[in-house]
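The next block holds one structure in the form of structure tokens; read it before the comments.
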Amino acid sequence: MMPGSVDGPGPHLALCGATVVTSLDPVSLVAADVVLAGDRVASVGAAPPGVPRRDCSGTLVLPGNVCAHHHLYSALSRGMPYRLEAPRNFLQILQRIWWRLDRALDEPTVRLSALVGGLDALRAGTTTVIDHHASPNFIDGSLDVIADALAELGLRSVLCYEVTDRDGAARAAAGVAENRRFLARPHRLARGMMGAHASFTLSDDTLAACAEAAAASGVGVHIHVAEDGADQQDAEAAYGVRVVERLDRAGVLGPDALLAHCIHVTGPEVADINACGAAVAHNPRSNMNNRVGYSPLAHAGTRVALGTDGIGGDMITESQLAFFRATEAGAATDPAWPLRRLAEGARIAGRSFGEPLHGTIAPGAPADLTVVAYPSPTPLTGENLPGHWVFGLSSGQVRDVIVAGQLVVADRRSTRVDEAEIAQQAAGETKRLWARLAEIPPHPFTPKAR
Ligand SMILES: [Zn+2]
């Protein structure tokens, strides 16, 4: 929508004097003012007179980053005590940590997890979070609680509830119903996907229910795929097929699907994922932390984005780690590779919002922008921006964040909420959360062995 057009709002803010990164794929830079009108970018050029100006000299204005795979529900786990025997493999990490934490969550802690995790993301320049939520003892209404908390912060999101059979049939059905309910209710800054945990915790019937609900709502399924070899072993032992084929037969694969991890996949599975057009969320930091391996899709995939898998919402750091891990893996890459992955994350979010220009700074694009204080000590050009990004940029330099045209972080502080107040509330609720967690034993669910 153009400024001052008959049916659109006039310009309300101009970011002036910045170096504007109009696109990350391909990288494109211009010295310009960015004029905002309503929830969109109105123009990139010289700001017209009379529009309120915000001095952005010495800064880079970037398209807001997208975290393509998050678990905001883990936001209150930092510093969490752990008194059980140390996990020796991925399944034990789930049984002894995450499948205990999710069962301890209630409404107040789901809300505070979203506020704390959402603030972390925004303050790091992440303007959209694609989340995968689990709280088996507070399913109904949980996605609204998260959407409302994130709307309070001014953060854009794509949400889903993680459907699984590991907590019984009633909770599996409740998870499907929660996704359906959320998908039917419009939110200004939130959209939905159909959430499913992973092949190894989903029966054929539940997987079919997920595929059916996704199709009925016209959205894709967001699911973990072959994060660990146990997922493949279970599919082969219980269903006689590998995970990607099982998901394909169930109708889960397609251009709207979002597949997290895809580590233990073979060449034919890589080809199948690319052929169906699904997006892949690569989570390098989490994969290192869980020692689950390195995804062959990271470099062979056609639609690969980056996620944190719940380890914060800082996509500048995640993209840097993605580059270093890729280099260590011996994958032929260059510093522009993680920037292309971030651009793919924005395309995935744009697909959910029906915004093909999402992730670009161009007239008509949604105004999701990050202003980074970066008075570059060396020459900065479109050609060498990736080198600056990987070796010089820091989320600590994020000064302002704009989502849907609104300045939601200004001078490194939320303009919407009292951050100290949220931290204080979270600390209090977290003590109760950790006390409940201490009483919850390891989860008994185990996949079928080959
Ligand atoms: Zn995950």
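This structure is a prediction, so every number in the text was calculated from the model and none was measured. In each ligand, atom 1 is the first atom listed, and ligand 1 is the first ligand listed.
- Judged by a 6.0 Å distance limit and a 45° cone about the ring axis, Arg156 is positioned over the six-membered ring of Phe353.
- Looking at Asp309, its N, O or S atom nearest to the Zn ion (ligand 1) turns out to be OD1.
- With a 6.0 Å cutoff to the six-membered ring centre and a 45° limit on the axis angle, Arg246 counts as a cation-pi contact of Tyr239.
- Residue His224: an N/O/S atom is found under 2.8 Å from the Zn ion (ligand 1).
- Checked against the 6.0 Å centroid threshold, His132 and Tyr161 do not count as a close aromatic pair.
- The atom of His71 that is an N, O or S and sits closest to the Zn ion (ligand 1) is NE2.
- His261 lies apart from the Zn ion (ligand 1) in this respect, since none of its N, O or S atoms is found at a distance under 2.8 Å.
- Closest heavy-atom contact between Leu342 and Ser319: CD1-CB, 3.8 Å.
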